[in-house]
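Heads up: the structure comes next, in structure tokens.
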There are 2 protein chains.
Amino acid sequence: MNSSLKPPTGEAVLHASIDAVDRFCREVFAAIGADEATADAATRAMMHGSRLGVDSHGVRLLDHYVKVMNGGRVNRTPDVRIVQSFGAVASLDADHGHGALGAYRAMDHAIELADKFGIGAVSIRNSSHFGPAGAYVMEATRRGFAALAVCNSDSFVRLHDGAMRFHGTNPISFAVPVTGDNPWLLDMATSAVPYNRVQLYRSLGVQLPEGVASEADGRDTRDPSLVEMLAPVGGEFGFKGAGLGGFAEILSAVFSGMKLSFDILPMNGADISTPRGLGAFVLALKPGAFVSEEIFQAGIKRYVEVLRSSPAREGMTVMAPGDREWRVAREREQSGVPLDPATRDAFAVLAKEHRLTPPFSL
Amino acid sequence: MNSSLKPPTGEAVLHASIDAVDRFCREVFAAIGADEATADAATRAMMHGSRLGVDSHGVRLLDHYVKVMNGGRVNRTPDVRIVQSFGAVASLDADHGHGALGAYRAMDHAIELADKFGIGAVSIRNSSHFGPAGAYVMEATRRGFAALAVCNSDSFVRLHDGAMRFHGTNPISFAVPVTGDNPWLLDMATSAVPYNRVQLYRSLGVQLPEGVASEADGRDTRDPSLVEMLAPVGGEFGFKGAGLGGFAEILSAVFSGMKLSFDILPMNGADISTPRGLGAFVLALKPGAFVSEEIFQAGIKRYVEVLRSSPAREGMTVMAPGDREWRVAREREQSGVPLDPATRDAFAVLAKEHRLTPPFSL
């Protein structure tokens, strides 16, 4: 959380309406030959990020996705299909398409399985960067299911007491439906901080907190310009964060037979033509299969109500996971989503190149 | 990890052989009228703790379990049964018996379901303290399954920026089988430190690390005598630890219709006759349902091999989750398990009361 990309001070941030940005993303994907399903999934995932304030996984990624589709790394017209089925689980081959398409399809199938068996799990193979994990578990809660989504990614996080980029930032996302309310939504990287925090602090000349990032020899540093790797969440107890990174890694890469984080080509590397062989994993749970829907909803409602009304430390506020995001979404539905200068410039270039109307006045 | 109960300096620690301690626990349970299944499950769970160095959940609990069985809180002869089934999931009623019996039975059933459906999940209702979560996931790996186990407990952990005991120490345990090797075994509390660390530091007069515990108003304290609640793991990023505590809480209590942590009677409270209404949740996964067993084992083996041989920070060692525990187990198979003075005294009293031979010379 708090992974919003704040631009360096002094630069104006442009805001554009959610509808206009959504429309623009779809038009760009269509213009570069992506099929309708790919355009829809990639746009929905990015808009989840941009609407809820997870800007690191928002529409700033459009330009990156265009590059890797044009380069051939990501398949614009994939044949996404279930290639293995066994009872309440399945494996989905994303055919090197956009990771959001594979993840939405996998979650759809996990929900179908959970509706029939109480639980459903789908491992995803031959995928690519899937953006915000929270997008897929949110989808499940809209249909009354609880859900888990994890993925791995090129390594950037050391082990506890390690001195090597070992895990990716390997997110864990879990969401639970609350009738008549927003879901309980956890979406967390298993690193101490997101990498874009390091980039932001570097551009602002600000020191990092203690114990969140390291130099090449694994030694902690607070100087963002020296950062070679992130620490796992947990500080002195970073073995917990590293273990959770492993939980996401094993489900994503080992259960799909895909590459481990330290074997994955870098997302922002020079090679934009070779598919990266990412895995991911989603799971859906049908609450009513375990207890009655009434008992389940009474329990989760009491949980979030007591949580939101519980005493806070002086001057602080207690929030349920997701509460910050709903607040941001309400604001952005009014004021639009912020486009940082690099994203605005990239949008302008894409608009010109494909003769499209950008979501802002040029 | 590192949750071993080290006795205050200066007091001699008695060691007793694993076999003798195991035998003694079973004899004590039989003497107080617990059925064979209860004695077996409770002993196996405690021995998991004592053998692997998780002494907070080891045989020091025997005396507590005897008290709560004699008091009536825990049912010595429970009728543990599946009360709801739906496809690959089920709900097990532990009949207020020992939590270890409910958890082993639930994991047995989850494994059966996973063998048939690729995945199986069982929520546990009307249970009690189940001890070390790792014991149940270990059981699954012995049969070739990966597994998750979580539970909640009476609240002792504040929320991020909270000033109230909200969650229990809510452990998350996950294990993955590695052919010909020990499993990959994560077993972590979602609190920053275990409460017995606070007790130990209090008795030693040592200051706690920063940001792991708080006074009644939620303010952090390093003085163990002022500690009213623990912090969630994550320090400045404690919203992650609190979110993970919520993950365990929701699966354990909401999916079972049982009490939320803040509604649970304290484990060590004066009332030892009222059942506490604890829930828990276990899940098993069949690796071969997702990818071939060969691909799965090649992946997990490469993962733990690269992990164990990866570079460490100067003077440190990198370990896979569980590695510390296997090392302790090897030592203790030779030297026996340590019995702290309070446990030794309690064992002596139990031996005398029930005319049993203690696992050490009196």
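Small disclaimer: the values here were computed from a predicted structure and weren't measured. In the text below, chain A, chain B and the rest are named by the order of the sequence lines, each starting its count at 1.
A donor-acceptor pair is defined here as one N or O able to donate and one able to accept, closer than 3.5 Å; no such pair exists between the side chain of B/Glu228 and the backbone of B/Ser214. Side chain of B/Glu325 to backbone of B/Gly53: no donor-acceptor contact under 3.5 angstrom is found.
For B/Ala253, no part lies under 4.5 angstrom from a heavy atom of chain A. Interface remark: A/Phe166 contributes side-chain atoms only to the contact with chain B (heavy atom separation under 4.5 Å). Of the atoms belonging to B/Leu92, not a single heavy atom falls under 4.5 Å from chain A. A/Ile124 does not touch chain B: none of its heavy atoms, backbone or side chain, sits under 4.5 Å away. For B/Arg158, the part lying under 4.5 angstrom from a heavy atom of chain A is the side chain only. A/Phe174 touches chain B through its side chain: at least one heavy atom from C-beta onward sits under 4.5 Å away, while N, CA, C and O do not. Heavy-atom distances place the side chain of A/Ile250, and not its backbone, under 4.5 Å from chain B. Of the atoms belonging to A/Gln297, not a single heavy atom falls under 4.5 Å from chain B. For a residue to count as touching a neighbouring chain, one of its non-hydrogen atoms must lie under 4.5 Å from one of that chain's; by this rule B/Asp115 touches chain A with the backbone only. There is no contact between B/Ala298 and chain A, counting heavy-atom distances below 4.5 Å. Only the backbone of B/Asp217 has a heavy atom closer than 4.5 Å to any heavy atom of chain A. With a 4.5 angstrom heavy-atom cutoff, A/Ala90 touches chain B only via backbone atoms. Interface remark: B/Ser256 contributes backbone atoms only to the contact with chain A (heavy atom separation under 4.5 Å). Using a 4.5 Å cut-off between heavy atoms, A/Ile119 touches chain B through backbone and side chain atoms alike.
Using a 4.0 Å cut-off between a side-chain N of Lys or Arg and a carboxylate O of Asp or Glu, B/Asp187 and A/Lys240 do not qualify as a salt bridge. In this structure, A/Asp154 does not pair ionically with A/Lys259, as no charged nitrogen and carboxylate oxygen lie closer than 4.0 Å.
Looking only at heavy-atom pairs under 4.5 Å with chain A, the residue among B/Phe86, B/Phe281, B/Phe237 that has the most is B/Phe86. Your options are B/Thr317, B/Val83, B/Val89, B/Leu283, and the one with the most heavy-atom pairs under 4.5 Å with chain A is B/Val89. For the set B/Arg125, B/Met319, B/His167, the entry with the most heavy-atom pairs within less than 4.5 Å of chain A is B/His167.
Ring-centre distance between A/Phe296 and A/Phe290: not below the 6.0 Å cut-off.
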